[in-house]
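Worksheet: the structure to be examined is printed underneath.
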Amino acid sequence: MLKGMLLERVAETSRRVAATTKRLEKTDLIAALLGEARGEEIEIAVAFLSGRARQGKIGVSYRTLHNLGVNAAERARLELMDVDRAFTAIAGVEGAGSERVRGALVAHLFSRATAQEQQFLSALLVGELRQGALEGIMLEAVAKAAKLSLERVRHAAMVAGDVTAVARAALETGEAGLADYDIRLFRPVQPMLAQTAEDAGEAIEDLGEAALEYKLDGARVQAHKSGDQVVIFSRALNDVSAASPEIVEAVRALPAKDLILDGEALSLKPDGRPQPFQVTARRFNRKADVEKIRKELPLTPFWFDLLYLDGNLLHEPQARRFAELQKVAPVIPHLRTSDAVAAREFLEEALERGHEGIMAKAPGSEYATGARGRAWLKVKRAKTLDLVILAAEWGSGRRKGFLSNLHLGARDTEKGGFAMLGKTFKGLTDEMLAWQTREFLKIEIARDANTVYVEPKIVAEIAFNDVQISPRYASGLALRFARVKRYRTDKTVEQTDTFQTVKKIAVGGIGGE
DNA sequence: GTTACTGCGTC
DNA sequence: CTCGGAA
DNA sequence: TTCCGAGGACGCAGTAAC
């Protein structure tokens, strides 16, 4: 009887992958390991080295792992298959007392692992492997190990919606094995993604003639239909049919037997304007009272692409896919133009109607599953505020040793003091990180475990997309997608924006109270 | 029963 | 979701 | 250009604790 691959082999590879910053070296290390794996082990190894369990999230928290209190094994004996079976068992526990049972199962697994293996398993389970390689590098490694072209492997994985099975097929049966991974009904494909453009003008400049569409602020949905059978998938390819019965019904009624649609679903107010995102979000991942909530907050799907209609359309140009789509389903508001002025007007119209912005698509482009290319561009509009930094949290990973995540405050001219509007760590260069760490420590007024509180005197220009109602912050409001544009050392606190200004933006955006 | 907290998925 | 850094 | 990782805001589900 052959011995299976040891967990140690994977943990050691992960450690070495993390140790180098060179992409090719990472690829080589992973490819070498894949060459040694057999059968199901291939799928397990691919999942682990992509930073996840085959079972997905299995409900093991940071806290569970820290309260284990088990010793490490002396010798590495755990096989990949053992670990995979243990994960399946752990994921299956539910109900009252489940946290204790799960903890016991995790403890037993960990007691059989060496110290290094324990470290690897911990990182894997909390999703913090941070070896500088995820699915992108994995695809390259699979291609290398199977001696196939990267494009071939990537396409199969994206159309299959999953790398693990494709990796196994590629390694076991090569080119022939990948032939099965064509688009197929009820097997979701990775949705095509977009890059950002500054404004409508840049999008037209990039694309020439472009297919413009409203960008709606809801959730991405992929609908599969064959006859009466309909399944709706989310962006992460979860089956969300149960939570969105009205979408299922709408798709079932479409005049085509077999199709796959791509679109965005959101809830509209009675006047046709969109609900704020956080309101539409009440429909996502929902199990309780679906029939009741669908009456209060019905979801409306807006379709913008057709991937399959009695056959594969992925490789057809966008213009043809959209034309076919219009014959069978209600489509998103759209405009085909090469005129920058018309594009700008279209953007203004979308914004005026309460939407997020527009998309601009290359009419000649195929549906590049899972790719974030320049064939699709998104144009949104950010707002900015000058805010005061109230505190900063110590960073982790490559930001360890630097003050990173910033607490943002706006002057409250009524109550005095500052209203906290959330936090951001985005938009900071290494230079800014170093600067703020230095400067903040000079004006420190207090600290706790992870946070340094500072005198409220540093001003930063903060970009954001929306103001949301916040159940978390005392101010009652929080910024959505906040990021730092620059520090305003030229501005005093008295010159910053006030909480009262923020409230006005909120009322404008949310629709008033 | 109700609340608090964490995990997960959406953006 | 956004951004900056590295290859 | 592509990939990665630094983490942000919500809301719901599920358990544990009260």
Side-chain angles (χ1 to χ4, degrees), chain A residues 18 20-27 50-51 56-64 93-102 125-140 150 154 193-196 215-221 234-238 240 243 264-266 276-290 293 356 371-374 378 380 382 393 395-400 402 404-408 421-433 462-473 477-485:
Chain A
T20 176
T21 61
K22 296 187 175 59
R23 236 146 83 173
L24 283 175
E25 206 173 316
K26 290 176 192 283
T27 309
S50 304
K57 306 278 184 159
I58 64 171
V60 174
S61 68
Y62 180 83
R63 209 184 38 184
T64 315
V93 184
E94 55 184 45
S98 59
E99 284 191 16
R100 200 179 44 77
V101 174
R102 207 178 282 135
L125 290 176
V126 298
E128 294 188 340
L129 205 54
R130 294 186 172 91
Q131 55 183 16
L134 293 170
E135 220 160 88
I137 305 283
M138 179 55 72
L139 289 173
E140 292 180 28
L150 174 58
R154 185 197 305 277
L193 305 171
Q195 289 192 23
T196 53
K215 185 173 195 313
L216 309 180
D217 199 4
R220 191 84 177 262
V221 282
S234 68
R235 164 165 171 165
L237 311 188
N238 296 313
V240 294
E264 186 88 1
L266 77 172
F277 177 76
Q278 70 193 119
V279 173
T280 288
R282 294 178 55 199
R283 293 297 310 273
F284 306 156
N285 308 310
R286 192 182 182 105
K287 295 187 180 173
D289 304 321
V290 171
I293 192 94
E356 212 182 5
R372 190 183 288 287
R374 300 290 295 179
K378 54 183 163 188
K380 299 201 212 178
E393 297 173 14
S396 62
R398 69 182 301 279
R399 290 191 176 189
K400 200 170 171 61
F402 293 100
S404 171
N405 203 0
L406 306 170
H407 295 201
L408 308 172
L421 294 173
K423 308 186 230 180
T424 185
F425 59 91
K426 296 187 186 100
L428 300 164
T429 61
D430 286 359
E431 195 182 351
M432 289 162 84
L433 283 167
I462 304 296
F464 62 101
N465 286 48
D466 271 310
V467 178
Q468 322 173 69
I469 292 175
S470 173
R472 177 181 329 189
Y473 291 105
L477 296 176
L479 304 182
R480 186 167 176 221
F481 307 139
R483 60 265 193 195
V484 178
K485 295 306 280 188

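Throughout, a chain's letter reflects where its sequence line sits, starting with A, and its residues are numbered from 1.
More than 12 heavy atoms of other residues, nucleotides or ligands shown are found within 6.0 angstrom of CD on A:Q195.
Across all strands shown, A:D466 has no heavy atoms under 4.0 Å from either base or sugar-phosphate atoms. The residue A:L428 sits close only to the backbone: its heavy atoms come under 4.0 Å of sugar-phosphate atoms, none of a base. In this structure, A:T196 reaches neither bases nor backbone, as no heavy-atom distance under 4.0 Å exists between it and the strands shown. Looking at heavy-atom distances under 4.0 Å, A:K378 makes contact with sugar-phosphate atoms alone, never a base. Across all strands shown, A:A133 has heavy atoms under 4.0 Å from sugar-phosphate atoms exclusively, and none from any base. Across all strands shown, A:A482 has no heavy atoms under 4.0 Å from either base or sugar-phosphate atoms. A:A288 comes within 4.0 angstrom of sugar-phosphate atoms only, judged by non-hydrogen atoms across all strands, and of no base. No engagement by A:R102 is indicated, since no non-hydrogen atom pair under 4.0 Å with the nucleic acid exists. A:G97 comes within contact range of the sugar-phosphate backbone alone, with a heavy-atom separation under 4.0 Å but no base atom that close. Residue contacts shown for A:R23 include a base, since a base heavy atom lies under 4.0 Å away. Contact annotation for A:T280: no contact, since no heavy-atom pair falls under 4.0 Å across all strands. A:N238 comes within 4.0 angstrom of the backbone, heavy atoms only, and of no base. The residue A:Q131 sits close only to the backbone: its heavy atoms come under 4.0 Å of sugar-phosphate atoms, none of a base.
Side-chain N/O atoms of A:R399 include none lying less than 4.0 angstrom from OP1 or OP2 on D:dG5. Between C:dT2 and A:T424, no contact under 4.0 Å exists linking OP1 or OP2 to a side-chain N or O. Taking 4.0 angstrom as the limit, A:K380 places a side-chain polar atom (N or O) nearer than this to OP1 or OP2 of C:dT2. A close approach under 4.0 Å does occur between a side-chain nitrogen or oxygen of A:T21 and OP1 or OP2 of C:dA7. The side chain of A:R483 places an N or O atom within less than 4.0 Å of a non-bridging phosphate oxygen (OP1 or OP2) of C:dC3. An OP1 or OP2 oxygen of D:dC10 is reached within less than 4.0 angstrom by a side-chain nitrogen or oxygen of A:S470. Side-chain nitrogen and oxygen atoms of A:K423 include none within less than 4.0 Å of the OP1 or OP2 phosphate oxygen of D:dC10. Dashed line: the shortest gap from a side-chain N or O of A:N465 to OP1 or OP2 of C:dC1 is not under 4.0 Å. Not one side-chain nitrogen or oxygen of A:K426 sits closer than 4.0 Å to the OP1 or OP2 atom of C:dC1. For D:dA9, one of the phosphate oxygens OP1 or OP2 lies less than 4.0 angstrom from a side-chain nitrogen or oxygen of A:R472. In this model, the phosphate group of D:dC10 is not approached by any side-chain N or O of A:R286 to a distance below 4.0 Å at OP1 or OP2.
Note: CD1 (A:I58) to P (D:dA13) measures 22 Å, nearest angstrom. Taking atom CE of A:M432 as the reference point, atom P of C:dC3 lies 12 Å away to the nearest angstrom.
Each of A:I293 and A:Q468 was matched to the nucleotide of DNA chain D holding its nearest heavy atom; the match closer to the 5' end belongs to A:Q468. Heavy-atom distances to DNA chain D give each of A:R372 and A:E393 a nearest nucleotide, and the one nearer the 5′ end belongs to A:R372.
Of the candidates D:dT15, B:dC11, D:dC12, the closest approach to any side-chain atom of A:R220 belongs to B:dC11.
Nucleotides C:dC3 and B:dT6 have their C1' atoms positioned 27 Å apart, rounded to a whole Å.
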